[in-house]
Amino acid sequence: MGKYYLTTPIYYVNARPHLGHAYTTIVSDALARWHRMLGDDVYFLTGTDEHGLKIQQAADEAGTSPKEFADGIAPLFAQAWERLNISNDDFIRTTEERHRTGVRKLLQACYDAGDIELDTYSGLYCVACEAYYVEDDLESGNCPIHKKPVEHVEEENYFFRLSRFEQRLLDWYSSHPGAVVPEHRVNEVIGFIKQGLQDFSVSRRTLTWGIPLPFDESHVAYVWFDALANYITAIGYGTDDEKFRKWWPADHHVIGKDIVRFHNVYWPAMLMSAGIEPPAGWAVGGWLLVGGEKMSKTTGNVVNPLDLIDEIGVDGFRYYVLSDTTYGGDGDFTYEGLISRYNSDLANNLGNLAARVATVVGKKCGGTGTAPSPDSPLAAHARTAVDDTIAQWQAVQPSRALEATWGLIRATNAHLETNEPWKAEPGPAVDAVMGDALEALRIVAILCHAAVPATAQEIWRRIGMTGNVADMRVPADTAWGGYPAGRPVEKGEPMFPRRTVA
RNA sequence: GGGCCAGUAGCUCAGUGGUUAGAGCAGGGGACUCAUAAUCCCUUGGUCGUAGGUUCGAUCCCUACCUGGCCUACCA
């Protein structure tokens with residue numbers, strides 16, 4: 001029991017929310033919900049990254065101001081997360097005053113520490129990438145990513161002396177084992193550091209859409225200081241010391257593997273320079289591929305998560321992305337996989353279990369829930385499911401956590417087959433079996449809430465429990481025997497009607 | 001070029017220095033009918049990437065290689 005501060009990356013507002021954003025955000029939400037059930041005081045942050053040249057250009061093209069442009073896109077993210085039932089406690093936009101204040105304080109702190117210095121840089125610059133290239137990177141003089149000509153740029157820039165932090169970073173990682181999950185990702189980080197770190201530019205003077213450096217207003221902060229800093233500015237760095245002290249350091253920065261370098265090397269170095277403790281942990285996920293390929297506009301396989309919600313439901317979608325990918329590796333999103341998971345796990349196992357239990361309780365117990373048997377064989381299954389589910393969420397392995405939880409669902413279906421309460425005359429024996437099943441559903445509702453919150457609440461309600469399942473505590477409320485007799489049990493409409501492949 | 005990771009049943013993945021390598025889904029057979037043609041039971045299926053080595057014994061340790069992915073590098 002303690003505090004748990006977790007973050008998603010902030011998403012760049014040059015594109016609408018897509019499956020990749022949704023994946024990271026859903027994983028984060030499940031972690032946040034799980035930790036609330038553990039009794040942790042949770043602060044769950046997400047937001048949008050709104051500065052930079054690309055936004056300025058997009059705004060120019062749209063004939064509007066950068067702020068107005070961002071104002072048009074940022075709500076799309078907030079709305080998407082609302083529809084996906086994301087329980088973020090805060091949503092930060094880098095155009096907010098609290099962020100501006102905090103970023104300037106961070107820059108000043110690094111500057112005062114002597115780690116930000118003026119230098120000149122000349123090189124070939126790709127506007128689209130907002131990055132410099134050397135000759136050999138280019139393909140016939142063009143940017144290798146955008147295939148567009150690069151510009152020769154020479155400008156005075158402020159540089160962050162990342163090169164000074166090699167040893168400190170290595171020392172920090174060696175004294176903080178387990179800070180990165182899955183564990184193998186930390187090898188990449190250490191390998192990168194050992195290759196030698198180069199200073200990076202932290203400002204642009206050709207750009208106006210950004211936060212001016214406090215020590216030189218003719219420059220605006222470049223992406224790293226602007227974007228990464230959201231993790232501290234949102235919790236009061238520079239504006240609310242007490243709040244900041246309460247929440248920092250972050251317990252998990254949930255990120256994708258593509259931004260490991262910035263989050264695990266640049267960011268802790270920046271914090272060290274400013275005299276701030278590095279984050280306590282990172283959870284690094286792979287990509288969610290679509291049909292085996294990286295999602296991209298050119299292949300035309302961009303998936304809009306909101307379209308899927310209409311078809312499969314919020315929880316169907318959440319369950320699929322959480323259960324069908326091993327966190328840390330790449331996952332593959334397919335329509336067939338979505339339907340298959342939905343039918344087998346949600347419709348056939350969970351949904352059907354709830355329905356058959358309700359029906360038998362209706363026929364044999366007068367529609368009123370009965371008490372579970374204290375020494376039911378199901379109790380051991382429940383105990384195993386609880387223990388394994390806890391361990392897997394702890395390890396940030398949602399797919400394995402759900403597998404553990406579903407083990408109890410399967411065991412409950414088997415328990416019913418073994419006892420065949422539908423054949424027996426009403427009486428204590430049937431009451432005990434149905435009480436067992438209801439108790440199992442109660443525990444399942446608690447265990448699956450992090451992944452499928454609306455479903456968990458609906459099961460909770462149908463078996464006659466009052467209040468919010470979200471208020472239950474793990475493991476205290478998962479002890480066998482918590483289901484009280486005498487509650488009305490409702491069958492209701494199928495929660496997950498089977499889908500046929502279109 | 002260097003580095004990291006992965007390569008286990010048709011698919012997605014677990015797994016351990018040691019008797020017959022596991023789960024879910026898919027496939028096959030059977031049972032049941034309370035339930036969303038759902039469920040339950042049984043079952044087919046794997047030279048554990050390739051070749052060596054260490055060991056009494058390796059899928060798990062070491063070496064090389066192959067394949068895939070990622071990171072990284074100012075060989076013309």
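In what follows, every chain begins at residue 1, and chains take the letters A, B, ... in the order their sequences are listed.
- Partner A:His252 forms a side-chain contact (heavy atoms from CB on, under 4.5 Å) with one of A:Val27, A:Thr7, A:Val396 and no other, that one being A:Val396.
- Nucleotides B:G10 and B:C71 place their C1' atoms 33 Å apart, quoted to the nearest Å.
- Between B:U54 and B:U67, the two C1' atoms lie 26 Å apart (nearest whole Å).
- Remark: the separation of the P atoms in B:C5 and B:U63 is 12 Å, to the nearest Å.
- Whole-Å rounding puts the A:Gln195 CD to B:G3 P distance at 10 Å.
- Defined by atom type and a distance below 3.5 Å, a donor-acceptor pair is missing between the side-chain atoms of A:Tyr319 and A:Thr455.
- Heavy atoms of A:Gly191 sit nowhere under 4.0 angstrom from any nucleic acid atom.
- Ring to ring, A:Phe333 and A:Tyr320 are close: their centroids are under 6.0 angstrom apart.
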Pairwise N/O distances under 3.5 Å, protein to nucleotides 37-46 of chain B:
from: B:A38; atom 1: OP1; to: A:Arg498; atom 2: NE; distance (Å): 2.9
from: B:A38; atom 1: OP1; to: A:Arg498; atom 2: NH2; distance (Å): 3.0
from: B:A38; atom 1: O5'; to: A:Arg498; atom 2: NH1; distance (Å): 3.4
from: B:A38; atom 1: O2'; to: A:Asn348; atom 2: O; distance (Å): 3.3
from: B:A38; atom 1: O2'; to: A:Asn352; atom 2: OD1; distance (Å): 3.4
from: B:A38; atom 1: O2'; to: A:Asn352; atom 2: ND2; distance (Å): 2.7
from: B:U39; atom 1: O2'; to: A:Arg356; atom 2: NH1; distance (Å): 3.0
from: B:U39; atom 1: O2'; to: A:Glu417; atom 2: OE2; distance (Å): 2.9
from: B:U39; atom 1: O2; to: A:Glu417; atom 2: OE2; distance (Å): 3.3

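- Look at the C1' atom in both B:C60 and B:G7: the space between them is 14 Å, to the nearest Å.
- Separating the P atom of B:A9 from that of B:G49 is a span of 8 Å, rounded to the nearest Å.
- Taking only side-chain nitrogens and oxygens, A:Arg261 never comes nearer than 4.0 Å to OP1 or OP2 of B:C71.
- Here the options are A:Val284, A:Leu169, A:Val260, the test is side-chain contact (heavy atoms from CB on, under 4.5 Å), and the partner is A:Val189; only A:Val260 passes.
- Of the side-chain N and O atoms in A:Lys423, one or more sit less than 4.0 angstrom from OP1 or OP2 of B:U33.
- Checking A:Thr389 against A:Thr405 by side-chain atom types alone, a donor-acceptor pair falls below 3.5 Å.
- Note on A:Lys194: nothing from the nucleic acid sits closer than 4.0 angstrom, heavy atoms only.
- A cation-pi contact, defined as under 6.0 Å to the ring centre and within 45° of the axis, links A:Lys257 to A:Trp287.
- Taking every heavy atom of both residues into account, A:Leu162 and A:Asp199 meet most closely at N-OD1, 3.1 Å.
- Spacing between B:C25 and B:C62 at atom C1', rounded to whole Å, works out to 37 Å.
- Between the P atoms of B:G45 and B:G3, the separation comes to 42 Å (whole Å).
- Put simply, A:Lys491 has a side-chain N or O that comes within less than 4.0 Å of OP1 or OP2 on B:U36.
- Just one of A:Trp282, A:Trp267, A:Tyr231 meets the side-chain hydrogen bond (donor to acceptor under 3.5 Å, both in side chains) condition when paired with A:His253; it is A:Trp267.
- B:U8 and B:G24 have their C1' atoms separated by 15 Å, with the value rounded to a whole Å.
- In this structure, A:Leu322 places its CG atom 21 Å from P of B:G24, rounding to the nearest Å.
- Looking at RNA chain B, the stems built from 3 or more consecutive Watson-Crick or G-U wobble pairs, each pair with its key distances under 3.5 Å, are B:1-7 with B:66-72, B:10-13 with B:22-25, B:27-31 with B:39-43, B:49-53 with B:61-65.
- Among the atoms of the strands shown, none is found under 4.0 Å from any heavy atom of A:Arg341.
- Ring pair A:Phe160/A:Phe165: centre-to-centre distance below 6.0 Å.
- The number of heavy atoms from other shown groups lying within 6.0 Å of NE2 (A:His381) does not exceed 12.
- The shortest distance between the side-chain N/O atoms of A:Asn187 and the OP1/OP2 oxygens of B:G3 is not below 4.0 Å.
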